[in-house]
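First the structure, in the form of structure tokens, and then the observations on it.
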Amino acid sequence: MSWPVSGIMDAVFCGIVILQVFTSVLCFPSGAPASVCVDMMPRHEGVQPQPNPAPYTIQPSSTAFQTGNPITVVIKGPDYRGVLLEARSGSDSKAIGSWQTPPNNTKFLECSGNQQGAITHANTNIKNNSTVYTWIPPATAKNIVFVATVAQQRTVFWVQVTSSTSSEGGGTSLDVHNRAERTVTPVLIIPVVLLANVQFLLA
């Protein structure tokens, strides 16, 4: 039994529509699946990651950490919609530590058997420099790096963007706002002292 040409074309068209729907499902707009915890590669059919360097940097609040003391992490750069963020020890691909309450538009992702081992997007709403992630170091870590896959959109993403290494023990705070406040305060005091001295001399 032969099919008319129009029937074949309709079948092909329907097949393409179904494939597009299936592909859109693979984009995971509601978050990365646990299957990508290790390589952090989005399963966007027919799309490759952008070449490094990425326009993003991962900035932890400190170059050092202590067990149980939270560290905040910000992904600096252009607005983004998708994210997968983990902490790792050296070159080990295992997600370690525990992320705390996810910021708006994000959620926990279980990685390496750890229910709070990673953070991923909960939707495709905008995330930006004001999106702050909080991580608690485990007792076993000595040196850690934060690793992220960041997506501006479905076809534009960077894989395994890595922070500088943070070490256990004392370190330097990277909280720029606090440093600025500590610097400005003494500067503001000097004119006040000078003004008081002038008033004393004129009295």
Exercise. Let me know which of Thr57, Val145, Val73 forms a side chain to side chain contact (heavy atoms under 4.5 Å, CB included) with Ser163.
Key: Val145
Exercise. State, yes or no, whether a side-chain contact exists between Val36 and Met41 at a heavy-atom distance under 4.5 Å.
Key: no
Exercise. Could you grab the distance from atom CD1 of Ile58 to atom OG of Ser164, nearest 0.5 Å is fine?
Key: 9.5 Å
Self-check item: Residues, nucleotides or ligands: over 12 heavy atoms within 6.0 Å of Lys107 NZ
Solution: yes
Quiz item: Where is the tightest heavy-atom contact between Pro51 and Trp158, given as atom of each residue plus distance?
Solution: O-NE1, 3.3 Å
Quiz item: How long is the span from the CD1 atom in Ile119 to the CZ atom in Phe146, to the nearest 0.5 Å?
Solution: 11.5 Å
Exercise. Find out if a path of hydrophobic residues (ILVMFWY) with successive side-chain heavy-atom gaps under 4.5 Å connects Tyr80 to Val74.
Key: no
Quiz item: Are more than 12 heavy atoms from other residues, nucleotides or ligands located less than 6.0 Å from atom CD of Gln115?
Solution: no
Quiz item: Between OG of Ser89 and CD1 of Ile144, what distance do you get to the nearest 0.5 Å?
Solution: 8.5 Å
Quiz prompt | Thr155 to Gln50 - nearest heavy-atom pair and separation | solution = O-NE2, 3.6 Å
Self-check item: Spatial distance of atom CD1 (Ile126) from atom CD (Gln152) [nearest 0.5 Å]
Solution: 9.0 Å
Exercise. Please tell me if the side chains of Thr120 and Thr106 come closer than 4.5 Å, counting only heavy atoms from C-beta onward.
Key: no
Quiz item: With under 30° as parallel and over 60° as perpendicular, where do the rings of Trp99 and Trp135 fit, or are they tilted in between?
Solution: tilted
Self-check item: Polar side-chain atom of Thr131 near backbone of Pro103 as donor-acceptor pair, under 3.5 Å
Solution: no
Practice problem: Grab the two heavy atoms, one from Lys127 and one from Arg81, that are nearest each other, plus how far apart they are. | Solution: NZ-O, 2.7 Å
Quiz prompt | Reported CD-to-CG distance for the pair Gln160 and Asn52, which is rounded to 0.5 angstrom | solution = 9.5 Å
Quiz item: Do the side-chain N and O atoms of Ser112 and Asn114 include a donor-acceptor pair separated by under 3.5 angstrom?
Solution: no
Exercise. Answer with yes or no whether the hydrophobic clustering places Ile75 together with Val156; edges join I, L, V, M, F, W, Y residues whose side-chain heavy atoms lie under 4.5 Å apart.
Key: yes
Exercise. Rounded to the nearest 0.5 Å, what's the gap from NZ on Lys94 to CZ on Arg88? Could you check?
Key: 12.5 Å
Quiz item: Which heavy atom in Lys76 sits nearest to a heavy atom in Asn129, and how many Å separate them?
Solution: CA-OD1, 3.2 Å
Quiz item: Shortest non-hydrogen contact from Glu86 to Ala95?
Solution: OE1-CB, 3.7 Å
Self-check item: Test item: side-chain donor near acceptor, Ser167 and Asn143, under 3.5 Å
Solution: yes
Quiz item: Would a 4.5 Å heavy-atom cut-off, applied to side chains only, mark Pro78 and Tyr56 as touching?
Solution: yes
Exercise. Using modelled atom types only, decide if a donor and an acceptor are shared between the side chain of Ser61 and the backbone of Thr72 within a distance under 3.5 Å.
Key: yes
Quiz prompt | Closest approach of His121 to Val83 (non-hydrogen atoms, all atoms of both residues) | solution = ND1-N, 3.1 Å
